[in-house]
J.: 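Okay, here's the structure, questions in a sec.
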Amino acid sequence: MKYFQLPQTNLNVSRIALGCMRIADKSVDEVDDLIKTALDAGINFFDHADIYGGGKSEKVFGEVLKRHPDYRQKMIIQTKCAIVPGQRYDFSKEHILKSVDDSLMRLNTDYVDILLLHRPDALCDPKEVAEAFDELYEAGKVKYFGVSNHTPLQIELLQKYSKYPIIINQLQLSIVHSVMIDSGLNMNMKEAWAQDKDGGVLDYCRLKDITIQPWSVVQASWAEGTFLDNPDYQKLNDVMQALADEYHVTKSAIAVAWLLRHPACMQPIVGTTSPQHLLESVKACDVELTRQQWYDLYLASEKPLP
Ligand SMILES: NC(=O)c1ccc[n+]([C@@H]2O[C@H](COP(=O)([O-])OP(=O)(O)OC[C@H]3O[C@@H](n4cnc5c(N)ncnc54)[C@H](OP(=O)(O)O)[C@@H]3O)[C@@H](O)[C@H]2O)c1
């Protein structure tokens, strides 16, 4: 495993994080095994959200922490709040504070290292969010704050009132879902690929030392499932397989290595529930794709370049 100093923090974090969205229906023994595999492989960063499995993901993770209290000090735990299923988004102070209290209880811990606002709330009052952050920080319940799926201006608005830096923006990004890269590459062209849908979020985050955490790194979409071995992505799978053979890793490791190769020093969130798949993905840290290989993968996902 490789590590880096998370900008704007004193946290030394693994280049790859484990996403815990899909562990909700796993047994405590299965999650125990997954967490042990992750820690043994050097992963020290775990991503949660209050809504994953309706709270069941945090709960089963917390059961493992109860079994192994010594794990907590080896872990950086991040969770998210502000999506309310069936209602939608809630950045009110009351909701943020309650959500964190509930997460802490489920996770069996008295603090999370990082709290992210999960998706933008159209009714966001940044002063109220700042008050919630103040209260959480001063109570020792949250050490750092970030966001997910936020545009640069939405971050600027939050930052205008919060005295704590926004350190993370968790965003969907993979070889096949690369909107934030496509628009920059196709700048000034007429084609749809040139459309800037996210306010230049990639360059903004780099300028502001906000770490991008790519999510769904091998998932094409909810409807399609993963792009690994998916006949709709045959050309990409052929190129991934050739590189996997060359580097003696799996295609999943090549997909993660594509993200690690980007100089923004992103931290991919790998969402597997399988210890075997996790170990395969972690091998991405041993792969340093060449510039040409990076572009070969980009082009194999059928995206045009000017
Ligand atoms: N901020 C947001 O809005 C947001 C949204 C979605 C997700 N997330 C975060 O991102 C994490 C990952 O998201 P995700 O689960 O959608 O994406 P993912 O990591 O691309 O995983 C998607 C699927 O691919 C399979 N997979 C993963 N690694 C594999 C490998 N090495 N080999 C073969 N199959 C593999 C997994 O099944 P197996 O379990 O069978 O391996 C999983 O069901 C989540 O856990 C969550 O923490 C954040």
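Atom set for the values below is all heavy atoms of this structure, side chains included, hydrogens, waters and symmetry mates excluded. Ligands are counted one by one from 1 in listed order, and the atoms in each one are counted from 1 as well. Please read all numbers here as calculations on a predicted model, not as lab measurements.
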J.: Does a salt bridge link Arg106 with Asp50, judged by any charged N lying under 4.0 Å from a carboxylate O?
T.: no
J.: Would you say Lys251 touches ligand 1, if touching means a heavy atom closer than 4.0 Å?
T.: no
J.: Using a 4.0 Å cutoff against the non-hydrogen atoms of Leu228, which atoms of ligand 1 qualify?
T.: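 Answer for ligand 1: 32 (N), 33 (C), 34 (N).
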J.: Just one of Asp101, Asp134, Asp102, Asp110 clears the salt bridge (Lys or Arg N to Asp or Glu O under 4.0 Å) bar with Lys141, so which one?
T.: Asp101
J.: Is the distance between the ring centroids of Tyr137 and Tyr164 less than 6.0 Å?
T.: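 Between Tyr164 and Tyr137, which both carry aromatic rings, the centre distance is below 6.0 Å.
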J.: Check residues 255-264 and write down every donor-acceptor pair under 3.5 Å in which the side-chain atom is one partner and the other belongs to a residue at least two apart or another chain.
T.:
| unit_1 | atom_1 | unit_2 | atom_2 | d |
| --- | --- | --- | --- | --- |
| Trp258 | NE1 | Trp294 | O | 3.1 |
| Arg261 | NE | Leu289 | O | 2.7 |
| His262 | ND1 | Ala264 | N | 3.0 |

J.: Between Asp113 and Arg72 (salt bridge meaning N to carboxylate O under 4.0 Å), is one present in this structure?
T.: yes
J.: Testing the basics here: between Met240 and Ile175, what is the closest heavy-atom pair and its distance to 0.1 Å?
T.: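 In terms of heavy atoms, the two residues are closest at SD-CD1, 4.3 Å.
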J.: Please say whether Gln170 places an N or O atom under 3.5 Å from an N or O atom belonging to ligand 1.
T.: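 Such a contact does occur with ligand 1.
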J.: In the protein, what heavy atom is nearest to atom 10 (O) of ligand 1, and what distance, to one decimal place, separates them?
T.: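 Answer, as residue, atom name and distance: Trp215 CB, 3.3 Å.
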J.: Just by distance, with hydrogens left out, do Asp238 and Tyr233 show a side-chain donor and acceptor under 3.5 Å apart?
T.: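 Absent: no donor and acceptor within the cut-off.
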J.: Could you tell me whether Val270 and ligand 1 have an N or O pair separated by under 3.5 Å?
T.: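 N/O-N/O distance under 3.5 Å: no.
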J.: Which of these, Gln276, Gln213, Arg22, has its nearest heavy atom closest to atom 14 (P) of ligand 1?
T.: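 Answer by nearest heavy atom: Arg22.
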J.: Would one find an N or O of Ser252, backbone or side chain, under 3.5 Å from an N or O of ligand 1?
T.: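 Such a contact does occur with ligand 1.
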J.: Which of the numbered atoms in ligand 1 are under 4.0 angstrom from any heavy atom belonging to His118?
T.: 1 (N), 2 (C), 3 (O)
J.: For atom CE of Met1, decide whether the heavy atoms of other residues, nucleotides or ligands shown that lie under 6.0 angstrom number more than 12.
T.: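 Yes, enclosed.
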J.: Nearest non-hydrogen contact with atom 18 (P) of ligand 1 belongs to which option: Ser281, Ala255, Ser216, Ser57?
T.: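 That would be Ser216.
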J.: At less than 4.0 angstrom from any non-hydrogen atom of Asp47, what atoms of ligand 1 do you find?
T.: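 Answer, ordered by atom number: 9 (C), 46 (C), 47 (O).
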J.: As an exercise, identify every atom of ligand 1 less than 4.0 angstrom from a heavy atom of Cys20.
T.: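 Answer, ordered by atom number: 45 (O), 47 (O).
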J.: Provide the number and element of each atom of ligand 1 under 4.0 Å from a heavy atom of Thr226.
T.: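 Answer for ligand 1: 23 (C), 24 (O), 25 (C).
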J.: Any protein heavy atom at under 4.0 Å, with atom 37 (O) of ligand 1 as the reference point?
T.: no
J.: What pairs of residues pass the salt bridge (charged side-chain N to carboxylate O under 4.0 Å, His left out) test when at least one of them lies in residues 214-231, not counting sequence neighbours?
T.: Asp229-Lys251
J.: Does Leu278, backbone or side chain, put an N or O under 3.5 Å from an N or O of ligand 1?
T.: no
J.: Counting each atom of ligand 1 from 1 as listed, which ones have a heavy atom of Ser148 under 4.0 Å away?
T.: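 In order of numbering, the contacting atoms are 1 (N), 2 (C), 3 (O).
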J.: So which heavy atom in the protein is nearest atom 28 (N) of ligand 1, and how far is it from that ligand atom?
T.: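 Here the nearest protein heavy atom works out to Thr272 CB, 3.6 Å.
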J.: Are a donor atom and an acceptor atom from the side chains of Asp296 and Gln292 found within less than 3.5 Å of each other?
T.: yes
